[in-house]
Amino acid sequence: GFGMINTFDKYYRHEIPDFILCNPDNTQLGVLNVGDTSCALRYNDTSDLSFTAYDRGVNELGEQKSLDIYDKVNVYRQIYIKDLGYFIITEVSEETDGVEIFKKVSAKSAQYELSYKTIDYLNGTYKLYDATTNFDEDGNPTTIMGYIMYLAPGWQMGEIDSTLNSIYRTFDVSGKTLLDFLYNDLEKAYQCIVDFDFENRKIYLHSVSSLLESPTMNTDIY
């Protein structure tokens with residue numbers, strides 16, 4: 001996909017945005033003291049965030065103080081950056097340079113949590129999406145998007161290209177992660193791009209043909 005590297009320290013004239021530590025349910029725990037921040041934003045792939053979290057910070061009086069929130073920087077918690085989104089912490093290693101103690105942290109954009117969901121068995125012919133309902137009277141999914149919402153209750157359907165609504169495709173999938181299914185099987189079967197809004201946890205679907213007609217996407221880059 002397209003990649004864009006943002007190193008907040010070097011390229012932004014303004015301050016580094018707040019790195020807010022959150023629980024998996026989005027509950028905010030507080031602001032971290034960070035450095036060495038780098039963010040690789042990718043289209044049609046998970047985005048990566050890396051930074052260093054320090055165990056001390058400076059208070060309003062300019063005095064060094066210990067930060068209780070430092071101990072809560074653990075795998076599976078999230079980092080929230082306003083106007084960018086949620087990132088799930090995937091790796092944490094604590095180090096010291098002899099003066100400071102710090103944690104090196106790696107995180108992936110929120111759709112990465114869909115790699116924790118496994119499709120046990122999906123077999124049959126399905127419509128991608130129905131504008132009226134995607135579930136039957138008993139709450140069982142009747143479309144592919146209904147199935148995805150069933151497996152990922154924390155996510156919502158965003159806008160879906162109307163040209164995709166009437167398409168039916170046949171699947172025989174088992175033992176595959178939901179994220180892998182979305183980025184590979186679904187995109188190939190319905191000729192679409194899955195676009196994740198990882199700030200609001202919404203899934204948008206764009207048809208490849210409509211994207212190619214867009215002046216901003218119609219380039220000589222394949």
Side-chain angles (χ1 to χ4, degrees), residues 1-117 152-156 158 177-180 182-183 194-204:
F2 304 121
M4 180 171 64
I5 306 297
N6 292 320
T7 305
F8 297 112
D9 313 61
K10 294 181 180 177
Y11 301 123
Y12 278 67
R13 296 294 181 179
H14 55 74
E15 296 179 4
I16 298 173
D18 283 344
F19 279 47
I20 302 172
L21 185 67
C22 304
N23 279 331
D25 65 359
N26 295 357
T27 304
Q28 296 190 359
L29 301 174
V31 179
L32 298 171
N33 179 24
V34 301
D36 300 323
T37 58
S38 180
C39 184
L41 298 175
R42 300 186 179 91
Y43 186 66
N44 201 34
D45 199 356
T46 51
S47 296
D48 292 318
L49 178 71
S50 64
F51 61 94
T52 301
Y54 297 99
D55 76 329
R56 300 180 66 80
V58 178
N59 65 15
E60 295 78 7
L61 301 176
E63 301 166 334
Q64 286 280 333
K65 63 172 183 176
S66 293
L67 299 174
D68 293 336
I69 195 172
Y70 172 83
D71 294 330
K72 298 177 181 177
V73 178
N74 297 313
V75 171
Y76 298 125
R77 282 205 165 103
Q78 300 182 108
I79 302 298
Y80 174 65
I81 301 175
K82 189 177 185 301
D83 298 328
L84 196 54
Y86 290 90
F87 294 82
I88 298 169
I89 297 175
T90 55
E91 295 180 50
V92 178
S93 63
E94 189 167 56
E95 302 174 21
T96 180
D97 58 7
V99 178
E100 293 183 295
I101 297 174
F102 50 85
K103 291 178 178 179
K104 294 286 189 180
V105 181
S106 298
K108 292 183 178 293
S109 49
Q111 69 262 38
Y112 185 72
E113 69 190 3
L114 301 182
S115 67
Y116 304 148
K117 306 274 188 178
W155 289 77
Q156 297 176 302
T177 72
L178 181 55
L179 188 63
D180 185 14
L182 285 164
Y183 273 142
V194 181
D195 188 8
F196 292 98
D197 172 355
F198 52 90
E199 180 166 24
N200 301 296
R201 278 184 165 82
K202 289 186 175 182
I203 301 174
Y204 294 78

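It should be emphasised that the depicted structure is a prediction, and the values quoted were computed from it without experimental measurement.
A search for salt bridge (Lys or Arg N to Asp or Glu O under 4.0 Å) contacts involving Lys103 returns nothing, not counting sequence neighbours. Applying the side-chain hydrogen bond (donor to acceptor under 3.5 Å, both in side chains) rule to Lys202 yields no partners; only residues at least two apart in sequence or on another chain are considered. Here Asp55 pairs with nothing under the salt bridge (Lys or Arg N to Asp or Glu O under 4.0 Å) rule; sequence neighbours left out. The ring-ring contact (aromatic ring centres under 6.0 Å, His included) check on Phe196 picks up Trp155, Tyr183, with sequence neighbours excluded. Partners of Thr96 by side chain to side chain contact (heavy atoms under 4.5 Å, CB included), not counting sequence neighbours, listed by chain and number: Ile101.
In this structure, the separation between CD on Glu95 and OG on Ser93 is 4.5 Å, given to the nearest 0.5 Å. For the atom pair Phe102 CZ and Asp36 CG, the distance stands at 8.5 Å (nearest 0.5 Å). Atom CG of Leu29 sits about 10.5 Å away from atom CD1 of Ile20, to the nearest 0.5 Å.
Panel note: side chain Thr177, backbone Ser115; no donor-acceptor pair is recorded below 3.5 Å. In this structure, Asp25 contributes its side chain and Thr27 its backbone to a donor-acceptor pair below 3.5 Å.
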Checklist entry - Can Ser47 and Arg42 be said to form a side chain to side chain donor-acceptor pair (under 3.5 Å), step by step? => result CA-CA 5 Å; Ser47 296; Arg42 300 186 179 91; 5.8 Å; no
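Between Ala152 and Leu178, the closest heavy-atom pair is CB-CD2, 4.1 Å.
Side-chain polar atoms of Tyr86 and Gln111 form no donor-acceptor pair below 3.5 angstrom.
Side chains of Leu41 and Leu84 form a contact here, defined as non-hydrogen atoms less than 4.5 Å apart. Taking 4.5 Å as the limit, every side-chain heavy atom of Ser106 sits out of range of all side-chain heavy atoms of Phe51. Side chains of Ile89 and Leu21 form a contact here, defined as non-hydrogen atoms less than 4.5 Å apart. When side chains are defined from C-beta on, Phe87 counts as touching Phe198, because their heavy atoms get closer than 4.5 Å. Between Val105 and Ser50, every side-chain heavy-atom pair lies at or beyond the 4.5 Å cut-off.
Checked against the 6.0 Å centroid threshold, Tyr54 and Tyr70 do not count as a close aromatic pair.
When each of Thr90, Asp48, Thr46 is paired with Lys108, the side-chain hydrogen bond (donor to acceptor under 3.5 Å, both in side chains) condition holds for Asp48 and for no other.
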Return a table of donor-acceptor pairs under 3.5 angstrom between the side chains of residues 74-83 and protein atoms on other chains or two or more places apart.
{"residue": "Arg77", "atom": "NE", "partner": "Asn23", "partner atom": "OD1", "Å": "2.8"}
{"residue": "Arg77", "atom": "NH1", "partner": "Lys72", "partner atom": "O", "Å": "2.8"}
{"residue": "Arg77", "atom": "NH2", "partner": "Asn23", "partner atom": "OD1", "Å": "3.4"}
{"residue": "Gln78", "atom": "OE1", "partner": "Arg201", "partner atom": "NH1", "Å": "3.4"}
{"residue": "Gln78", "atom": "OE1", "partner": "Arg201", "partner atom": "NH2", "Å": "2.5"}
{"residue": "Gln78", "atom": "NE2", "partner": "Asn23", "partner atom": "O", "Å": "3.0"}
{"residue": "Gln78", "atom": "NE2", "partner": "Asn26", "partner atom": "OD1", "Å": "2.8"}
{"residue": "Tyr80", "atom": "OH", "partner": "Glu199", "partner atom": "OE2", "Å": "2.5"}

